[in-house]
Amino acid sequence: MTNDDAVIEGGSLRLAQERDLTALLEAMEISADLPRVVSEATEIRSAAEDLGRLDVAFWAEVTGLDALARTEGAPGARTRGQEILEWAREQGDARLASRCHALIAMMDLIAGHSGSGAEQATISVSLLDGSELPRLRAKLLTRQALGLLGAGLLQHGFDVSRTALTLAEQLDDHELVGQLASNAFHAALDDAMPEEAHFWMRRVESAFAASPDLESELADVLARGHLAGNRPREALEVLERSADDDPANLQPETRAIRMLLLAQAQHGVGDLPAARSALDRAERIAARHALEEVASMILEERAAIAASGADFRLAYELHRQFHQAARGRWIEARRSQVDHLFAEQHVTEALARAEQAEAAVAVDPLTKVRNRRWVEDSLPDVIRTWQTSGPSTGALALLDLDHFKQVNDRFGHPAGDDVLVSVASCLEACPGVRHVARIGGEEFLLVLHEHADQEQVAQQVLAAVRGLRWPHIHHGLRCTASLGFAACAAGSTSDGLLREADLNLYRAKRAGRDRAVGFG
């Protein structure tokens, strides 16, 4: 082996190692085995440092801290996440910055700072570029929705929840569907939004039906749904079935609330001694972990149980204590009202920036028309609209510039870029063309207006490209294009229409170029 061969082989090995580390990290980010993620993140960080890939090492560290925060707790994780975020900003590393914002969001949500958590999670989502695994996008959207709902921005929270729900359903991830629906159900029920609560309860039930093993995880929301529907016996059955599961896997607040729900269900079926016993356990958890809001709800339920047992003096005293606690929380809420308004303003601004970033991700930076990301995200919606609005006459076409390589080879890539920009602009101006997307190189997708005459559009597009002139490049430069059409029919999918249009584009090329094939 020559020295050059050794260098090439060594370089290839290094690239392969870096790709392996990246693939491992991407898998870890969506793993539910959090202790394993914590352990493997340390190993990947060390390997990345050995390769001199500080960005990957930081990415592994943030991934490990995120998992640690959701298991044992990681008190210094927010500070460390902020330090790594500063480095990512200096390097222009949007991928790492997104993960840092996600970690900071998690720490803020754990600390009860929903407004800041929502803002950080929103920024995290806005920095995703489409190369991430769909499951990670769904996970970060879930985190964003949780923050928005907790911050009181309910409509934004429900909207983001629905976006994440669509992804989770496409991924057939019943656990994520259950988590999303549980968060949204609690928010809707707390805010007296029965229709919204019903929508999300149906999703919880569908997740449970598809994966019965989820009953333990979803026990609190299933029980609360039964109690809200005045079905205490069904709530009691759900909670008793989940009582054998290891409570160490649950957060303290979740354990306390489950005990409270158990007490309410036992109260509902008339077993007052058992209800008091469950409240005692809930109270011990709430006191140990300073869960003031849960403690207040426990007082309210104790008062109700005392009244049911005809101990009206005790009921009155407990009810008075409950209102004192509630007033204390109201005063605290008033003190933090300004902070909440600032948080709401920041979240609203972050949402606006996220919408702008999402729109920017779907735009081709050279031609300023839509890009492949837009095709993947939005074309299915266009086709569904065609099919639900009656007999469809919608159609799309793929356009490819003929012999474009010769333009680059003869005049240079800057000249080729000028040609692409001009072609994109003229396509947008063609009558009958609703959307234009550059999907790669010199290939464009044209989405026609639903009732446009396909043959007429074909002739106008071909003539428009044929008529373009570039005197600043060369007076003799002329361009033509080939077009392949596909018409929407019942049952059509975006993938199917694109395949049909691509086949017709190939036929147009084979037939001599500067022509269209497949229009109806």
Side-chain angles (χ1 to χ4, degrees), residues 30 125-126 128-142 144-145 158-174 176-177 180-181 199 203 206 210 354-364 367-400 424 427-428 432-440 443-452 454 457 483-505 518-520:
I30 59 173
V125 170
S126 74
L128 297 173
D129 63 1
S131 63
E132 73 283 345
L133 295 177
R135 202 175 299 274
L136 176 66
R137 172 172 282 270
K139 169 185 161 182
L140 295 186
L141 283 168
T142 301
Q144 180 189 11
F158 292 135
D159 288 345
V160 173
S161 295
R162 281 178 166 79
T163 301
L165 177 67
T166 300
L167 261 178
E169 290 175 338
Q170 290 171 352
L171 293 165
D172 209 25
D173 190 332
H174 306 302
L176 187 56
V177 169
L180 272 164
F199 172 88
R203 271 61 194 175
S206 68
E355 290 174 0
Q356 293 167 1
E358 186 71 20
V361 166
V363 172
D364 176 54
T367 62
K368 307 306 179 188
V369 297
R370 293 168 172 82
N371 63 6
R372 181 177 289 276
R373 171 72 177 273
W374 178 87
V375 174
E376 293 171 351
D377 290 348
S378 301
L379 185 59
D381 294 333
V382 172
I383 293 168
R384 277 193 292 270
T385 300
W386 285 345
Q387 292 176 332
T388 56
S389 61
S392 175
T393 56
L396 54 80
L398 289 177
L399 177 148
D400 188 81
L427 293 177
E428 286 195 302
V433 175
R434 180 182 175 193
H435 301 301
V436 178
R438 183 185 176 206
I439 57 176
E443 190 171 10
F444 294 85
L445 170 72
L446 309 182
V447 178
L448 276 60
H449 285 287
E450 187 168 356
H451 300 291
Q454 296 170 36
V457 170
L483 278 164
F485 277 77
C488 183
S492 291
T493 65
S494 55
D495 288 343
L497 289 175
L498 289 171
R499 281 195 298 271
E500 181 184 347
D502 191 52
L503 180 59
N504 284 330
L505 174 60
F519 52 81

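Counting from 1, the numbers follow the sequence of the chain as shown.
One distance of note links CG of Leu505 with CD of Glu500; it measures 12.5 Å at 0.5 Å rounding. Note that CG of Leu446 and NE2 of His435 are 11.5 Å apart. Values are rounded to the nearest 0.5 Å. Of the inter-residue distances, the one linking Arg135 atom CZ with Leu167 atom CG reads 10.0 Å to the nearest 0.5 angstrom. Taken to the nearest 0.5 Å, the CZ atom of Arg372 stands 11.5 Å off from the CG atom of Leu379.
With contacts defined as side-chain heavy-atom distances shorter than 4.5 Å, the pair Leu445/Leu498 qualifies. Between Val433 and Val457 the shortest side-chain heavy-atom distance falls below 4.5 Å. Considering only heavy atoms from C-beta on, Leu165 comes within 4.5 Å of Phe199 through its side chain. For the pair Asp173 and Lys139, the minimum side-chain heavy-atom distance is 4.5 Å or more. Asp495 has its side chain within reach of Arg499: a pair of non-hydrogen atoms, C-beta onward, lies under 4.5 Å apart. Two residues are said to be in side-chain contact when any heavy atoms from C-beta on lie closer than 4.5 Å; Val375 and Arg370 fail this criterion. Side-chain contact between Val369 and Leu427 is absent, with no heavy-atom pair separated by less than 4.5 Å. Residues Leu136 and Leu140 form a side-chain contact, since some pair of their non-hydrogen atoms from C-beta on lies under 4.5 Å apart.
Counting all heavy atoms, side chain and backbone alike, Ala486 lies closest to Ala501 at CB-N, 3.8 Å. Ile30 approaches Leu133 most closely through the heavy-atom pair CD1-CD1, 3.8 Å. Between Thr367 and Ala424, the shortest heavy-atom contact is CB-CB, 3.7 Å. Residues Ser161 and Ala145 approach most closely at OG-CB, 3.3 Å, considering heavy atoms. Considering all non-hydrogen atoms of both residues, Gly518 and Asn504 come closest at CA-ND2, 3.6 Å. Nearest heavy atom pair, residue Asp364 against residue Asn371, reads N-CB, 3.8 Å.
Shown here are the side chain to side chain donor-acceptor pair (under 3.5 Å) partners of Ser494, two or more places apart in sequence or in another chain: there are none. Applying the side chain to side chain donor-acceptor pair (under 3.5 Å) criterion to Asp159, with sequence neighbours excluded, gives Gln155.
Under the side chain to side chain contact (heavy atoms under 4.5 Å, CB included) test applied with Leu398, the options Ile439, Leu497, Leu483 reduce to a single match, Ile439.
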| Run the side chain to side chain contact (heavy atoms under 4.5 Å, CB included) check on Thr493 and Ile383 step by step: do they pass? | CA-CA 7 Å; Thr493 65; Ile383 293 168; over 6 Å; no
